[in-house]
J.: 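Take a look at this one; I'll ask things after.
This one's a predicted model, so the numbers in the text were calculated from it and none came from an experiment. We count ligands from 1, going down the list as the structure has it; atoms in each ligand are counted the same way. The figures that follow rest on heavy atoms only: side chains count, while hydrogens, waters and symmetry mates do not. Positions are given from 1, in the same order as the sequence printed here.
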Amino acid sequence: MSTGLKDGCVFAAAVEAVQPDTVVCQSIERKEDSIVIDGRTFTLKHNLHLVGFGKAVLGMAAEAERIVGDHLVKGVISVPHGIQQTLQQHGKDHLLLKENSHIKVIEGAKHNLPDADAQKAAEEIKHLASELTEKDLLLVLISGGGSALLPAPIPPITLQEKLDVTCRLAGAGATIQELNTIRRALSLLKGGGLAHHAHPAQVVALILSDVIGDPIDMIASGPTVMSRVWPEEVLSILERYKLLNLLPTSVKEVLDKPNSRWKENKKESDTSGHVLNAVIGSNGVALKHAGLRARELGFLPVVLSPSVCGDVRSVSRLYGLLARFASSREEPPPDIATEVLKLGPEVGVESWDLCRTMQVLEKGRTEGWGATCLLAGGEPTVELTGKGRGGRNQELAMRVGLELRSLGLPPKGPVFLSGGTDGQDGPTEAAGAITDGGLYDEAKAQGLDIDNFLINNDSYTFFSRLSGGQRLLVPGLTCTNVMDVHMLLIPD
Ligand SMILES: Nc1ncnc2c1ncn2[C@@H]1O[C@H](COP(=O)(O)OP(=O)(O)OP(=O)(O)O)[C@@H](O)[C@H]1O
Ligand SMILES: O=C(O)[C@H](O)CO
């Protein structure tokens with residue numbers, strides 16, 4: 001098997017491990033008339049209700065219904081526009097609901113933006129939750145993209161007004177933490193609102209994480225995690241992105257009365273004892289399984305971190321340096337380790353993880369353990385300066401290819417893969433790309449000026465034209481999303 005194929009196999013194992021049906025099946029244990037989740041037992045008496053929102057939720061719901069059977073009374077899920085047809089076309093029928101399902105599917109949020117359909121879904125979900133009693137159990141399925149699929153602006157804010165604020169923030173470069181802090185302050189359901197509406201029912205949330213560090217209050221803006229709105233925090237975010245003077249009166253009115261969003265609701269506000277939040281899939285889980293597959297393929301696996309972030313330039317430098325460190329025939333120059341450690345804070349990786357990884361790479365090199373597979377994950381960022389077509393994974397792969405060359409590694413030496421686990425890198429059909437130190441010369445021989453493509457953020461066009469698109473990673477629709485996976489294969 002060529003190294004490229006092995007790369008693809010390891011990436012496939014990462015994605016397989018976090019399939020929506022797999023993660024739900026592993027997290028719910030059915031025992032006669034009860035289910036066990038995260039070590040807690042819940043009795044089923046035809047009292048189970050289900051809601052969900054997110055890109056991977058259809059497959060999660062199909063599996064949950066299969067497990068709980070006719071104990072499921074009723075469900076409503078909010079999923080991306082066109083997903084049922086797409087899954088059918090891709091032969092993924094196992095991720096679709098059965099014809100006699102008790103779950104209502106509402107498709108919405110075209111282009112990942114909240115719309116009237118998603119708002120209707122949010123309204124139905126709120127209604128279902130509000131009708132529950134202390135005898136009921138509400139299973140909440142959550143995955144990335146959930147914020148856009150559950151819009152419930154606090155009156156008098158309109159959907160359009162809320163959309164304007166969040167789009168301006170996203171366009172100005174706000175992080176997902178900043179964006180979701182604002183979303184929580186303007187929503188009836190986010191920041192614990194859903195759990196509040198479901199009180200006094202028992203709420204169990206199964207969460208597939210698409211945020212670094214798996215913060216349950218941030219993923220899909222935490223509808224089952226009670227979060228206070230801190231006015232200073234909200235205002236400082238709006239000020240940072242120069243939005244304070246652009247706010248509509250309705251938004252100002254709501255922000256003037258933080259934490260009053262559930263006042264009219266007669267239910268008690270302390271729901272904490274009634275909520276169980278469980279993260280059932282994450283980048284860390286994907287990396288662990290990728291490591292197991294790498295071992296089966298004969299590599300020594302080492303997982304660096306599931307929290308890689310920061311600019312793709314710094315991230316590519318890190319991987320270039322680690323490849324150089326692991327490939328040295330003699331003792332690597334000490335300045336490599338120093339630069340790696342210096343980069344740590346910029347790329348979201350702890351010194352401890354960098355040291356541990358370099359120790360394994362060093363042992364692999366000195367003790368002849370054979371080829372090594374370094375794995376990491378997260379979500380780096382690209383500063384968009386051009387108008388080309390691409391994504392952060394393809395751009396990272398290009399930059400790592402250049403780093404490997406500039407650090408003197410041979411064209412057929414270490415191989416690097418970067419791929420989005422959702423199968424889609426930015427607005428392109430590829431998930432990412434595979435490169436090595438030979439990238440620059442290969443492109444030059446084919447008349448492609450790699451620097452020009454980089455300046456224009458045109459990584460997809462570059463890889464599509466290079467060698468007939470052979471270096472592109474195109475797994476198609478994966479039905480899941482736990483951010484990106486990075487992989488460096490270092491030959492012995
Ligand atoms: N031409 C480009 N070159 C490089 N990166 C790009 C380009 N166009 C968009 N991007 C990046 O792609 C990302 C947006 O794409 P996408 O919608 O897939 O994001 P995402 O974070 O993966 O979304 P999701 O959470 O739904 O998976 C942003 O990080 C953006 O900077
Ligand atoms: O839906 C969202 O808020 C993002 O995907 C992060 O979870």
Side-chain angles (χ1 to χ4, degrees), residues 18 52-57 78-80 83 109 111-114 118 122 142-151 166 169-184 187 189-191 205 207-225 279 281-283 309-313 315-316 377-399 418-433 453-464 477-485:
V18 286
F53 29 86
K55 294 185 185 178
V57 155
S78 178
V79 294
I83 190 163
H111 310 301
N112 213 4
L113 295 172
I142 302 178
S143 77
S147 291
L149 285 158
L150 194 73
T166 47
L169 271 173
T175 62
I176 191 69
Q177 285 78 6
E178 291 169 329
L179 194 61
N180 286 358
T181 300
I182 302 298
R183 282 169 160 159
R184 288 189 320 211
S187 169
L189 292 178
K190 297 180 168 115
I207 306 168
L208 186 58
S209 169
D210 70 332
V211 180
I212 285 184
D214 310 328
I216 53 173
D217 59 335
M218 285 294 164
I219 303 162
S221 308
T224 52
V225 185
V279 174
S282 63
N283 191 273
C309 56
D311 193 277
V312 281
R313 289 163 210 257
V315 177
S316 60
E379 202 166 84
T381 46
V382 169
E383 194 192 326
L384 289 180
T385 49
K387 294 204 176 334
R389 232 177 128 204
R392 54 177 183 261
N393 288 283
Q394 291 162 84
E395 188 153 330
L396 176 63
M398 273 173 101
R399 290 185 183 278
S418 183
T421 54
D422 60 355
Q424 205 191 13
D425 188 28
T428 78
E429 288 95 65
F453 283 98
L454 269 180
I455 291 170
N456 206 20
N457 298 114
D458 209 10
S459 50
Y460 178 70
T461 313
F462 170 78
F463 280 115
S464 303
L477 178 79
T478 65
C479 312
T480 188
N481 180 15
V482 293
M483 302 180 290
D484 305 335
V485 165

J.: Looking at D425 and G420, would you say the former's side chain and the latter's main chain have a donor-acceptor pair under 3.5 Å?
T.: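 Judged by distance alone, no pair lies under 3.5 Å.
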J.: Which option, R389, K55, Q424, R392, owns the non-hydrogen atom nearest atom 20 (P) of ligand 1?
T.: R392
J.: Counting both backbone and side chain atoms, is some N or O of D425 under 3.5 Å from an N or O of ligand 1?
T.: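 Between D425 and ligand 1, no N or O pair is found under 3.5 Å apart.
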J.: Going by heavy atoms, is G145 under 4.0 Å from ligand 1?
T.: no
J.: If you measure every N or O of A220 against every N or O of ligand 2, does any of those distances drop under 3.5 Å?
T.: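 Such a contact does occur with ligand 2.
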J.: Can we say R313 and E395 salt-bridge, meaning some charged N sits less than 4.0 Å from an Asp/Glu carboxylate O?
T.: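 Between E395 and R313 there is no salt bridge, as every charged N stays at least 4.0 Å from the carboxylate O atoms.
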J.: Taking 4.0 angstrom as the limit and counting only heavy atoms of E395, give me the atoms of ligand 1 inside it, by number and element.
T.: 3 (N), 4 (C)
J.: Salt-bridge test for D458 and K387: reply yes if a basic N is under 4.0 Å from a carboxylate O, no otherwise.
T.: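 Salt bridge absent between D458 and K387.
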J.: Is it true that R183 lies under 4.0 Å from ligand 2, counting heavy atoms only?
T.: yes
J.: Quick check: does N180 get an N/O under 3.5 Å from an N/O on ligand 2?
T.: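 Among all N and O atoms of N180, at least one is under 3.5 Å from an N or O of ligand 2.
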J.: So is there a nitrogen or oxygen of I176 less than 3.5 Å from a nitrogen or oxygen in ligand 2?
T.: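 No; the residue has no nitrogen or oxygen that sits under 3.5 Å from a nitrogen or oxygen of the ligand.
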J.: Hey, is L179 touching ligand 2 through its side chain, its backbone, both or neither, going by heavy atoms under 4.0 Å?
T.: neither
J.: Pull out every atom of ligand 2 sitting under 4.0 Å from any heavy atom of G146, numbered as shown with elements.
T.: 1 (O)
J.: Ignoring hydrogens, tell whether any protein atom lies closer than 4.0 Å to atom 17 (O) of ligand 1; use the non-hydrogen atoms only.
T.: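 When distances to the protein are checked, atom 17 (O) of ligand 1 has no heavy atom within 4.0 Å.
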J.: Out of N112, D210, I207, I219, who gets a non-hydrogen atom closest to atom 4 (C) of ligand 2?
T.: D210
J.: Enumerate the atoms of ligand 2 whose separation from the nearest heavy atom of G145 is less than 4.0 angstrom.
T.: 1 (O), 2 (C), 4 (C), 5 (O)
J.: P427: heavy atom below 4.0 Å from ligand 1, yes or no?
T.: yes
J.: Looking just at side-chain N and O atoms, do Q394 and S418 make a donor-acceptor pair shorter than 3.5 Å?
T.: no
J.: Of the choices S143, G390, S147, which has the non-hydrogen atom that lies closest to atom 3 (N) of ligand 1?
T.: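 The residue whose heavy atom sits nearest atom 3 (N) of ligand 1 is G390.
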J.: Would you say G388 and ligand 1 have an N/O pair spaced under 3.5 Å apart?
T.: yes
J.: Could K55 and D422 be called an ion pair, given the rule that one side-chain N must be under 4.0 Å from one carboxylate O?
T.: no
J.: Can an N or O of N457 be found at a distance shorter than 3.5 Å from an N or O of ligand 1?
T.: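 Min N/O separation from ligand 1 is below 3.5 Å for N457.
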J.: Checking contacts now, so for atom 7 (C) of ligand 1, which I'm interested in, is there any protein heavy atom under 4.0 Å?
T.: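 True for atom 7 (C) of ligand 1.
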J.: What's the shortest distance from atom 3 (O) of ligand 2 to any protein heavy atom, and which residue and atom give it?
T.: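 In this structure, atom 3 (O) of ligand 2 has S147 OG, 2.5 Å as its nearest protein heavy atom.
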